[in-house]
Amino acid sequence: MKLKIFIINFIIFIFLFIFADIIFSKFIFKRSVDNKCYEHVDEGRFYRLRKNCFANMRFVSTIDSYKVFTDENRIRYSGQKRTLKNESIIFLGDSSTFGLGVKWEDTFTGIIEKKFPKYNTYNLGMPSYSPTVYKFVLDEFIKKNKSKIKKVFVFIDLTDVSDEG
(Lines give C-alpha, C1' and ligand atoms only; values in the text may rest on other atoms or scores of the structure.)
Protein backbone atom coordinates (compact mmCIF):
# COMPACT_ATOMS: atom_id res chain seq x y z
CA MET A 1 0.00 0.00 0.00
CA LYS A 2 2.82 2.42 0.91
CA LEU A 3 4.62 1.62 -2.33
CA LYS A 4 1.48 2.43 -4.33
CA ILE A 5 1.09 5.82 -2.57
CA PHE A 6 4.78 6.55 -3.13
CA ILE A 7 4.53 5.77 -6.86
CA ILE A 8 1.38 7.90 -7.25
CA ASN A 9 3.03 10.83 -5.40
CA PHE A 10 6.18 10.45 -7.46
CA ILE A 11 4.24 10.53 -10.75
CA ILE A 12 2.25 13.60 -9.60
CA PHE A 13 5.50 15.31 -8.55
CA ILE A 14 7.16 14.64 -11.91
CA PHE A 15 4.07 15.84 -13.80
CA LEU A 16 3.85 19.08 -11.74
CA PHE A 17 7.60 19.66 -12.08
CA ILE A 18 7.49 19.33 -15.86
CA PHE A 19 4.35 21.48 -16.09
CA ALA A 20 5.89 24.23 -13.88
CA ASP A 21 9.13 24.12 -15.89
CA ILE A 22 7.27 24.56 -19.18
CA ILE A 23 5.18 27.46 -17.82
CA PHE A 24 8.27 29.16 -16.37
CA SER A 25 10.44 28.78 -19.46
CA LYS A 26 7.73 29.72 -21.99
CA PHE A 27 5.99 32.61 -20.26
CA ILE A 28 8.09 33.96 -17.39
CA PHE A 29 11.81 33.60 -18.14
CA LYS A 30 12.49 35.39 -21.44
CA ARG A 31 16.30 35.36 -21.64
CA SER A 32 18.21 32.64 -23.45
CA VAL A 33 20.55 30.76 -21.11
CA ASP A 34 23.22 28.65 -22.71
CA ASN A 35 26.83 27.65 -22.30
CA LYS A 36 27.85 29.82 -25.25
CA CYS A 37 26.39 32.86 -26.96
CA TYR A 38 27.91 32.05 -30.36
CA GLU A 39 25.75 31.59 -33.44
CA HIS A 40 27.06 30.13 -36.70
CA VAL A 41 25.83 31.74 -39.91
CA ASP A 42 26.53 31.52 -43.63
CA GLU A 43 26.49 27.71 -43.58
CA GLY A 44 28.95 27.59 -40.69
CA ARG A 45 31.61 29.78 -42.35
CA PHE A 46 31.13 32.70 -39.96
CA TYR A 47 29.99 33.17 -36.40
CA ARG A 48 28.74 36.02 -34.27
CA LEU A 49 27.10 36.55 -30.91
CA ARG A 50 23.41 35.79 -30.48
CA LYS A 51 20.95 38.52 -29.61
CA ASN A 52 19.89 38.95 -25.97
CA CYS A 53 21.86 35.99 -24.71
CA PHE A 54 23.05 35.14 -21.23
CA ALA A 55 25.61 32.37 -20.82
CA ASN A 56 27.99 31.00 -18.25
CA MET A 57 30.90 30.48 -20.62
CA ARG A 58 34.08 28.59 -19.85
CA PHE A 59 37.31 28.95 -21.82
CA VAL A 60 38.92 25.78 -20.46
CA SER A 61 37.37 23.22 -18.14
CA THR A 62 39.98 23.86 -15.46
CA ILE A 63 39.07 27.53 -14.89
CA ASP A 64 35.91 29.09 -13.51
CA SER A 65 33.09 30.06 -15.82
CA TYR A 66 32.35 33.70 -16.51
CA LYS A 67 29.09 35.44 -17.38
CA VAL A 68 28.47 36.80 -20.85
CA PHE A 69 25.52 39.05 -21.65
CA THR A 70 24.69 40.21 -25.17
CA ASP A 71 22.24 42.90 -26.17
CA GLU A 72 19.80 43.21 -29.08
CA ASN A 73 22.72 44.28 -31.32
CA ARG A 74 24.77 41.13 -30.53
CA ILE A 75 27.29 43.11 -28.47
CA ARG A 76 28.78 41.87 -25.20
CA TYR A 77 27.97 44.18 -22.31
CA SER A 78 27.74 44.23 -18.51
CA GLY A 79 24.17 42.99 -18.33
CA GLN A 80 23.12 46.16 -16.52
CA LYS A 81 20.44 48.45 -17.96
CA ARG A 82 22.03 51.02 -20.25
CA THR A 83 21.25 54.70 -20.36
CA LEU A 84 22.37 56.01 -23.73
CA LYS A 85 24.69 58.99 -23.83
CA ASN A 86 25.60 61.29 -26.74
CA GLU A 87 29.15 60.00 -27.32
CA SER A 88 30.54 56.50 -27.67
CA ILE A 89 33.83 54.64 -27.33
CA ILE A 90 34.24 51.47 -29.41
CA PHE A 91 36.62 48.56 -28.87
CA LEU A 92 37.53 46.21 -31.74
CA GLY A 93 39.72 43.15 -31.52
CA ASP A 94 39.70 39.43 -31.00
CA SER A 95 39.64 37.25 -27.88
CA SER A 96 41.59 39.61 -25.62
CA THR A 97 39.24 42.48 -26.46
CA PHE A 98 36.17 40.27 -26.11
CA GLY A 99 37.45 39.21 -22.71
CA LEU A 100 37.63 35.48 -23.30
CA GLY A 101 37.76 33.85 -19.89
CA VAL A 102 37.28 37.14 -18.07
CA LYS A 103 34.44 38.76 -16.15
CA TRP A 104 32.98 41.87 -17.81
CA GLU A 105 34.42 44.27 -15.24
CA ASP A 106 37.94 42.97 -16.00
CA THR A 107 37.75 43.52 -19.79
CA PHE A 108 39.18 46.67 -21.42
CA THR A 109 35.66 47.84 -22.10
CA GLY A 110 34.43 47.12 -18.58
CA ILE A 111 37.32 49.07 -17.04
CA ILE A 112 36.82 52.06 -19.37
CA GLU A 113 33.03 51.94 -18.86
CA LYS A 114 33.55 52.27 -15.10
CA LYS A 115 36.17 55.05 -15.37
CA PHE A 116 34.32 57.10 -18.02
CA PRO A 117 30.58 56.80 -17.30
CA LYS A 118 29.67 59.74 -19.56
CA TYR A 119 30.36 57.61 -22.67
CA ASN A 120 28.58 54.64 -24.20
CA THR A 121 31.16 51.86 -24.36
CA TYR A 122 30.80 49.09 -26.91
CA ASN A 123 32.85 45.89 -26.99
CA LEU A 124 32.78 44.70 -30.60
CA GLY A 125 35.58 42.21 -29.98
CA MET A 126 35.10 38.56 -30.88
CA PRO A 127 37.49 35.58 -30.55
CA SER A 128 39.36 34.74 -33.78
CA TYR A 129 38.12 37.77 -35.69
CA SER A 130 40.67 39.55 -37.91
CA PRO A 131 41.22 43.14 -39.12
CA THR A 132 39.01 42.70 -42.21
CA VAL A 133 36.17 41.53 -39.98
CA TYR A 134 36.85 44.40 -37.54
CA LYS A 135 36.18 46.86 -40.37
CA PHE A 136 33.01 45.04 -41.41
CA VAL A 137 31.73 44.96 -37.80
CA LEU A 138 32.53 48.67 -37.33
CA ASP A 139 30.76 49.62 -40.58
CA GLU A 140 27.66 47.64 -39.53
CA PHE A 141 27.72 49.27 -36.09
CA ILE A 142 27.94 52.77 -37.58
CA LYS A 143 24.94 52.08 -39.85
CA LYS A 144 22.78 51.05 -36.90
CA ASN A 145 23.81 53.55 -34.21
CA LYS A 146 23.19 57.25 -34.10
CA SER A 147 25.46 58.31 -31.23
CA LYS A 148 28.62 60.25 -32.03
CA ILE A 149 31.69 58.02 -31.95
CA LYS A 150 34.37 59.77 -29.92
CA LYS A 151 37.08 57.08 -30.00
CA VAL A 152 37.68 53.72 -31.67
CA PHE A 153 40.30 51.40 -30.18
CA VAL A 154 41.55 48.54 -32.36
CA PHE A 155 43.60 45.90 -30.58
CA ILE A 156 45.84 43.98 -32.99
CA ASP A 157 47.92 40.99 -31.90
CA LEU A 158 50.10 38.35 -33.53
CA THR A 159 47.22 35.92 -34.10
CA ASP A 160 45.55 38.46 -36.39
CA VAL A 161 48.09 37.62 -39.11
CA SER A 162 47.00 33.97 -39.30
CA ASP A 163 43.32 34.86 -38.72
CA GLU A 164 43.46 37.29 -41.62
CA GLY A 165 44.87 34.58 -43.87
Side-chain angles (χ1 to χ4, degrees), residues 25 27-165:
S25 61
F27 302 108
I28 297 170
F29 193 77
K30 298 292 186 191
R31 178 176 270 158
S32 165
V33 179
D34 201 349
N35 63 343
K36 290 192 171 73
C37 286
Y38 301 130
E39 170 183 78
H40 290 273
V41 293
D42 196 21
E43 298 176 3
R45 289 181 282 212
F46 189 73
Y47 68 98
R48 61 185 179 197
L49 292 172
R50 283 193 270 144
K51 291 181 179 182
N52 302 315
C53 181
F54 165 65
N56 279 315
M57 293 177 67
R58 185 179 304 254
F59 179 53
V60 203
S61 62
T62 57
I63 63 170
D64 293 336
S65 64
Y66 59 100
K67 291 180 168 76
V68 172
F69 295 91
T70 63
D71 63 12
E72 64 278 354
N73 296 313
R74 305 174 192 279
I75 297 171
R76 183 176 182 194
Y77 77 114
S78 67
Q80 305 296 319
K81 184 172 169 72
R82 286 184 175 160
T83 53
L84 293 178
K85 292 99 177 178
N86 292 330
E87 296 180 322
S88 298
I89 300 173
I90 296 172
F91 292 84
L92 293 161
D94 59 5
S95 53
S96 58
T97 305
F98 174 79
L100 190 63
V102 179
K103 296 178 197 171
W104 171 260
E105 55 271 10
D106 296 331
T107 63
F108 305 142
T109 311
I111 294 167
I112 296 297
E113 182 179 68
K114 187 174 182 179
K115 294 216 181 253
F116 299 97
K118 69 177 191 170
Y119 295 102
N120 300 311
T121 54
Y122 296 103
N123 184 344
L124 304 181
M126 190 68 168
S128 296
Y129 274 11
S130 64
T132 301
V133 182
Y134 303 160
K135 180 172 180 349
F136 173 79
V137 168
L138 180 61
D139 290 343
E140 291 297 307
F141 179 85
I142 291 169
K143 287 179 194 174
K144 292 179 183 174
N145 292 280
K146 304 295 182 216
S147 68
K148 180 181 175 190
I149 298 172
K150 187 72 172 177
K151 299 273 183 191
V152 175
F153 294 95
V154 181
F155 292 89
I156 306 284
D157 66 22
L158 291 175
T159 63
D160 286 334
V161 175
S162 62
D163 292 339
E164 189 67 27

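Fair warning: this is a prediction, and the values are worked out from it, not measured in the lab.
- Of all non-hydrogen atoms in Thr97 and Gly125, the two that sit nearest each other are CG2-CA, 4.0 Å.
- Taking CD1 of Ile156 as the reference point, atom OH of Tyr134 lies at 5.0 Å (rounded to 0.5 Å).
- Within 6.0 Å of CZ in Phe46 there are more than 12 heavy atoms belonging to other residues, nucleotides or ligands.
- Of the possible polar contacts, one joining the Arg76 side chain to the Phe98 backbone as a donor-acceptor pair under 3.5 Å is found.
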Mind running salt bridge (Lys or Arg N to Asp or Glu O under 4.0 Å) on Lys135 and Asp139 for me, showing each step along the way?
CA-CA 6 Å; Lys135 180 172 180 349; Asp139 290 343; 2.9 Å; yes
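- The aromatic rings of Tyr77 and Phe69 sit perpendicular to each other, their planes meeting at more than 60°, with 30° as the lower class boundary.
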Check the pair Ile90, Lys151 against side-chain contact (heavy atoms from CB on, under 4.5 Å), reporting the backbone distance first and the verdict last.
CA-CA 6 Å; Ile90 296 172; Lys151 299 273 183 191; over 6 Å; no
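- Within a 6.0 Å sphere centred on CG of Asp106, heavy atoms belonging to other residues, nucleotides or ligands number more than 12.
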Might you work through the ring-ring contact (aromatic ring centres under 6.0 Å, His included) test for Phe153 and Tyr122, ending with a clear yes or no?
CA-CA 10 Å; Phe153 294 95; Tyr122 296 103; over 10 Å; no
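- Counting non-hydrogen atoms of other residues, nucleotides and ligands closer than 6.0 Å to NZ of Lys150 gives a total of 12 or fewer.
- Taking all atoms of both residues into account, the shortest heavy-atom contact from Cys37 to Val68 is SG-O, 4.2 Å.
- The residues Arg48 and Glu39 are annotated as salt-bridged, a charged nitrogen and a carboxylate oxygen being separated by less than 4.0 angstrom.
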